[in-house]
Amino acid sequence: MKKVIFMGVLGLFLLGSCNSKSRDSHEGHNHETEEHNHEGHDHKHEGHDHEHEGHNHEHENHAGGSDEIILPPAKAQAAGVVVSTVEPGTFHQVIKTSGQVMAAQGDESVAVATVAGVVSFKGKVIEGMSVSKGTPLVILSSKNMADGDPVQKARIAYEVSKKEYQRMKALVGNKIVSEKEFAQAEQIYENARISYEAVAKNHSASGQAVVSPISGYVKNLLVKEGDYVSIGQPLVSVTQNRKLFLRADVSEKYYPYLNSIGSANFCTPYNNKVYTLKELGGRMLSYGKASGENGYYVPVTFEFDNKGDVIPGSFVEVFLLSSPMENVLSLPHSALTEEQGSFFVYLQLDEEGYKKQLVTLGADNGESVQILSGIKAGNRVVTQGAYQVKLASATNAIPAHSHEH
């Protein structure tokens with residue numbers, strides 16, 4: 001009995017000891033696990049922070065290097081990119097205004113009606129067509145009119161006056177007719193002859209032809225088919241277009257500077273091309289000493305050679321060139337790009353690297369612009385193909401940004 005009780009006590013002791021070890025082992029395992037997990041979590045978290053910092057670092061490097069635009073030389077050449085070295089030079093003060101191109105005096109002529117009649121054009125006569133001197137432009141017909149054919153009437157008057165003149169010429173020597181009567185007959189005859197010869201040389205069965213008085217281009221058709229015209233009425237204006245006038249209307253506030261104006265540039269609305277009077281053989285003729293009656297503008301007039309692509313009568317934008325300025329940095333319009341009212345150029349850093357640069361603009365003469373700040377002498381600037389470099393900067397930025405994220 002005692003043995004049984006002893007064994008029972010021993011079993012309880014062993015069982016308790018086993019439970020105690022089991023609890024100790026379990027608690028130790030939990031502690032180690034918690035400690036390991038905590039440390040592992042902290043380690044991973046620190047690693048994550050480290051990676052995140054590395055990511056930020058790379059992003060900052062990319063942002064710092066985003067100013068440089070990479071465009072390989074082969075692609076730049078294919079895109080028409082041209083780079084020029086900035087050098088200081090002479091630039092003129094500019095007065096910007098509006099004006100009009102006009103035909104020069106003496107280079108225009110008008111074909112007028114030599115007889116009264118109904119208008120019909122000789123072939124296809126249109127504005128702008130080239131004509132030679134003596135080219136028939138209009139036929140004037142007087143058929144079925146109450147006054148009759150003026151050419152036939154002129155011929156009859158000429159023949160009658162001629163006979164009378166010849167008769168008196170034979171009698172004046174014998175004093176049968178007086179000198180006064182003979183002189184009157186001669187006058188009537190000469191007038192009739194001039195009138196008849198003037199209309200007879202261009203007369204045909206269809207009517208009286210009116211020809212171009214000069215060689216040039218048809219500027220305006222002043223009548224239309226079927227109109228009735230009287231003698232002396234303008235029909236067609238013809239211009240030679242060899243010389244043109246440029247008239248600029250300048251505000252009165254610039255009047256003190258007009259005596260220093262030497263030349264001008266102008267830009268046409270139909271092709272946006274800038275013309276330089278210096279290259280067109282232009283010269284300043286005069287400037288007004290008073291403003292016009294209907295405005296507060298003073299006219300300034302230039303004369304220049306027409307190269308064939310300037311339309312007389314067109315309104316243009318004018319850049320009057322005044323006093324020269326020395327050691328000025330300037331760039332052509334093609335070098336500039338605009339973003340939200342600010343202007344930029346692209347500097348070449350090396351063979352394939354470019355940088356976007358903000359600039360401040362000054363005077364504008366239509367061809368080039370004075371640069372007040374942003375560049376310095378010796379800089380290499382993209383003067384043609386600037387927008388191609390701008391597009392390259394956009395294509396360079398997008399893939400790099402996507403790669404980082």
- Query: So how far is it from S263 OG to F304 CZ, rounded to the nearest 0.5 Å?
  - Reply: 11.0 Å
- Query: Looking at T276, N265, L277, which hits side-chain contact (heavy atoms from CB on, under 4.5 Å) with L321?
  - Reply: N265
- Message: Looking at every heavy atom in both G374 and V359, which two are closest together, and how far apart are they?
- Response: CA-CG1, 4.1 Å
- Task: Start with the C-alpha gap between V86 and L331, add the side-chain angles, then the distance that decides, and say whether side chain to side chain contact (heavy atoms under 4.5 Å, CB included) holds.
- Result: CA-CA 8 Å; V86 178; L331 291 173; 4.1 Å; yes
- Expected output: side-chain S141 to main-chain V118 donor-acceptor under 3.5 Å: no
- Task: Please name the pair of heavy atoms, one in K75 and one in L71, separated by the smallest distance, quoted to 0.1 Å.
- Result: CB-CD1, 4.0 Å
- Query: Can you tell if the side chain of V300 reaches within under 4.5 Å of the side chain of M284, non-hydrogen atoms only?
  - Reply: yes
- Would D350 and E68 count as a side chain to side chain contact (heavy atoms under 4.5 Å, CB included) if you check the C-alpha gap in whole Å, the side-chain angles of each, and the deciding distance to 0.1 Å? CA-CA 10 Å; D350 50 41; E68 185 172 358; 3.8 Å; yes
- Item | Distance, nearest 0.5 Å, that separates CZ of F91 from CD1 of I371 | 8.5 Å
- Does the S237 side chain pair with the main chain of N220, one donor and one acceptor, at a distance under 3.5 Å? yes
- So, S215 side chain and K133 main chain: donor-acceptor pair closer than 3.5 Å or not? yes
- Item | Expected output: side-chain E225 to main-chain F121 donor-acceptor under 3.5 Å | yes
- Message: We want to know whether E326 and T90 form a side-chain donor-acceptor pair, criterion being a heavy-atom distance below 3.5 angstrom.
- Response: yes
- Shortest non-hydrogen contact from L320 to A248? CD2-CB, 4.2 Å
- Note on the structure: Taking every heavy atom of A116 against every heavy atom of Y228, the minimum-distance pair comes out as CB-OH, 3.5 Å
- Query: What are the two closest non-hydrogen atoms of V112 and V210, and how far apart are they?
  - Reply: O-CG1, 3.4 Å
- Message: Less than 4.5 Å apart, side chain to side chain, heavy atoms only: is that true for Q187 and N191?
- Response: yes
- Item | Contact summary for V318 and G99, nearest pair of heavy atoms | CG2-N, 3.8 Å
- Could you check if a side-chain atom of V94 sits within less than 4.5 angstrom of a side-chain atom of Q370, using non-hydrogen atoms only? no
- Item | Intermediate values then yes/no, side-chain hydrogen bond (donor to acceptor under 3.5 Å, both in side chains), S322 and S260 | CA-CA 5 Å; S322 183; S260 64; 2.7 Å; yes
- Task: Could you point out which residue of L349, V83, V345 forms a side-chain contact (heavy atoms from CB on, under 4.5 Å) with Y354?
- Result: V83
- Separation between OH (Y387) and OH (Y346), nearest 0.5 Å, reads 8.5 Å
- Salt bridge flag under 4.0 Å for residues E159 and R155: yes
- Task: Check each of Y275, F245, F319 against F266 using the ring-ring contact (aromatic ring centres under 6.0 Å, His included) test, and report the only one that passes.
- Result: Y275
- Query: So, does S178 use its side chain to make a donor-acceptor pair with the main chain of E181 at under 3.5 Å?
  - Reply: yes
- Message: Please check: side-chain N/O of S334 versus main-chain N/O of T383, any donor-acceptor pairing under 3.5 Å?
- Response: yes
- Message: With a sphere of 6.0 Å drawn around CD of E338, does it hold more than 12 non-hydrogen atoms of other residues, nucleotides or ligands?
- Response: yes
- Item | ring pair (Phe, Tyr, Trp, His ring centres under 6.0 Å) between Y254 and Y287, worked out | CA-CA 12 Å; Y254 296 115; Y287 64 90; over 10 Å; no
- Note on the structure: Between K219 and the options E108, Q240, E127, the side-chain hydrogen bond (donor to acceptor under 3.5 Å, both in side chains) test singles out E108
- Working to the nearest 0.5 Å, report the span between CG of L140 and NZ of K122. 12.5 Å
- Message: Return the OG to CZ distance between S195 and R193, rounded to the nearest 0.5 Å.
- Response: 10.0 Å
- Establish, yes or no, whether a centroid distance under 6.0 Å links the rings of Y165 and F182. yes
- Task: Please round to the nearest 0.5 Å and tell me the distance separating atom CZ of F343 and atom OG1 of T337.
- Result: 9.0 Å
- Can you list the steps and then say if L235 with L222 is a side chain to side chain contact (heavy atoms under 4.5 Å, CB included)? CA-CA 5 Å; L235 303 177; L222 306 175; 5.8 Å; no
- Are any non-hydrogen side-chain atoms of Y270 and V310 less than 4.5 angstrom apart? yes
- Query: Any donor-acceptor pair under 3.5 Å linking the side chain of N379 with the backbone of K376?
  - Reply: yes
- Task: Apply the test side chain to side chain contact (heavy atoms under 4.5 Å, CB included) to residues L361 and L336: give CA-CA distance (whole Å), side-chain angles for both, the deciding distance (0.1 Å), then the verdict.
- Result: CA-CA 10 Å; L361 306 185; L336 302 173; 4.1 Å; yes
